[in-house]
Protein chains: 2
Amino acid sequence: MHAYEKVRAEMLRRITSQVWPQGMTLPHEEVLADEFGVARGTMRRAMADLTERGLIERKRKAGTKVAARRAHSSTLNIPIVRVEITDSGAQYSYKLLSRVLGGPELDATGRFGRSKLLHVRSIHLADGRPYQLEDRLISLDAVPQADAQDFNEISPNEWLVEKVPYSAVRTILRAESADEMQAKHLKLGHGDPVFVIERQTQLDDLPVTLVKMTHPAASFSIATQTSQFR
Amino acid sequence: MHAYEKVRAEMLRRITSQVWPQGMTLPHEEVLADEFGVARGTMRRAMADLTERGLIERKRKAGTKVAARRAHSSTLNIPIVRVEITDSGAQYSYKLLSRVLGGPELDATGRFGRSKLLHVRSIHLADGRPYQLEDRLISLDAVPQADAQDFNEISPNEWLVEKVPYSAVRTILRAESADEMQAKHLKLGHGDPVFVIERQTQLDDLPVTLVKMTHPAASFSIATQTSQFR
DNA sequence: AAGTGGTCTAGACCACCGC
DNA sequence: CGGTGGTCTAGACCACTTG
């Protein structure tokens, strides 16, 4: 165990055991570095980790305080759907439903400006059962190569993640009841609950793709695990 | 803009523009530090950021490679429900539904061992409309003080987040259709979709609390925004 | 204005792990 | 074994922010 890990662990202990209660101002970096017998740089490394996890808050001149807990945060990981399925041990398959070149009329949200769009709908199956319905708009301004891709063999999800760089991602998670089309392709009853992930990807303010991924609620959930520095 | 930010930005540019394509092995730290005219430590700071975001992968002896994109990851932030509501500009209110001291029969999952449990059900409202149904088990082994708290004025959510330390959190997100009790308290029709967040908190292998938070799907979603280093 | 955290450097040494 | 990334130090200087 490295020095910064020992320091971090001891600081964490003092915080969770409330030896350092919420809101308390900690001694200065240098004082603590001295107490733990490490260099200031090592001390800072430990404190940087704690800052990142939201356990302490640091401000110049004001000092370092034990943070007030106001939220739980964790890392959400959404893998390529093929990987997600094969990792679970199931057989992956994919089917293209439609591929339509379109104009602004598809752009319900207006987020793509005047770009020509490719509208691709497809379905991902696990052991032959519907797993995810993928409904995607691709900006041909941002991704002209998509025009030459028929998406019969490779899904837009996988193709884009591998080929196209992005600089920002916005993700929305929500529950819905299946509309007629969703119900049909996911083999659900009309009105059954579905879990929807919507994601918009940008490359420097240029919208790249907008995707709506719909899962049957009964067989889908997302888990995150946060353990404090193991 | 600091030196490490400039270096990081330039490296990011080379990766997204595929000057450094996926899978490529980068020059050594020292060589790059030299090229960018910074100390090795500064170079490492930039590369550490890129590693953390999953853009490069580093291994001793093997070197540094541009990572293959296999997932989108982002940070999920779940605030205290009161804060969530007031931040949206709505009026927050809270009502305790039931508070039952119980034994193992409540422990459907067996995750709490033989601990005595407190079972608290409550509802959080935004502008008088049902926002979240909170159904919670609290381990009195881990949190004996909960026995003395009646939860009439303060919700278990807020009380626990503020008072009780934890070391690990497991979160599950999913969609469901409302059962009878959920529908009644959330003023939904039977079978309407709901968004469920389930969270279990531990303090060093000792289970602290297990909570199921249920939201009407129509008025709830979770958003995350990841921009690559602004 | 001054105290605090933040950045940067130059260099030594460590430890994992692929060749 | 040796090359790579990883840790640690000691010290200088910077810049934000609040009392």
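These numbers were taken from a predicted model, which means no experiment stands behind them. We name chains A, B, ... by the order of the sequence lines, and we start the count at 1 in each one.
- In terms of modelled atom types and a separation under 3.5 Å, the side chain of B:T86 and the main chain of B:V83 share a donor-acceptor contact.
- Under the salt bridge (Lys or Arg N to Asp or Glu O under 4.0 Å) criterion, the residue pairs touching residues 25-44 of chain A are A:R14-A:E35, A:E29-A:R40, A:E29-A:R44, A:E29-A:R58, with sequence neighbours excluded.
- Applying the side chain to side chain donor-acceptor pair (under 3.5 Å) test to A:Y94 and every residue at least two apart in sequence or in another chain returns nothing.
- Interface residues of residues 41-49 of chain B facing DNA chain D, ordered by number: B:R44; criterion, heavy-atom separation under 4.0 Å.
- By the 6.0 Å contact criterion, CG on A:D205 is open, its count of non-hydrogen atoms from other residues, nucleotides or ligands being 12 or less.
- Bounding nucleotides for the chain A contact on DNA chain D, 5' to 3', at a heavy-atom distance below 4.0 Å, are D:dT7 to D:dT18.
- Within the structure, the salt bridge (Lys or Arg N to Asp or Glu O under 4.0 Å) test picks out the following pairs touching residues 154-171 of chain B (sequence neighbours left out): B:R82-B:E158.
- A donor and an acceptor atom, one from each side chain of A:E84 and A:Y92, are nowhere located under 3.5 Å apart.
- Between the side chain of A:R13 and the backbone N or O of A:R8, no donor-acceptor pair lies under 3.5 Å.
- For the pair A:S167 (side chain) and A:D204 (backbone), a donor-acceptor distance under 3.5 Å is present.
- Bending across the helix from C:dA1-D:dT18 to C:dG18-D:dC1, expressed as the angle between its end axes from five pairs apiece, amounts to 20° (10° rounding).
- Between A:Y131 and A:H215, the ring planes are perpendicular. Angles over 60° get that label, and only those under 30° would be called parallel.
- Partners of A:R174 according to the side chain to side chain contact (heavy atoms under 4.5 Å, CB included) rule, which considers only residues two or more places apart in sequence or in another chain, are A:I172, A:E176, A:V196, A:E198, B:S221.
- Within residues 25-32 of chain A, no residue places a heavy atom under 4.0 Å from DNA chain D.
- For residues 127-142 of chain A, the set of pairs meeting the salt bridge (Lys or Arg N to Asp or Glu O under 4.0 Å) definition, not counting sequence neighbours, comprises A:E134-A:R136.
- A cation-pi contact links B:R45 to B:Y4, judged by a cut-off of 6.0 Å to the six-membered ring centre and 45° from its axis.
- Every residue two or more places apart in sequence or in another chain that forms a side chain to side chain donor-acceptor pair (under 3.5 Å) with A:T224 is listed here: A:S74.
- A heavy-atom distance below 4.0 Å to DNA chain C is reached by these residues of residues 57-64 of chain A, ordered by number: A:R58, A:K59, A:R60, A:K61, A:G63, A:T64.
- The NE2 atom of A:H2 sits 12 Å away from the P atom of C:dC14 (whole-angstrom rounding).
- With hydrogens and angles ignored, the 3.5 Å screen pairs no side-chain donor or acceptor of B:T42 with any backbone N or O of B:V38.
- Listed by first then second residue, pairs satisfying side chain to side chain donor-acceptor pair (under 3.5 Å) with a partner in residues 15-25 of chain A number zero, not counting sequence neighbours.
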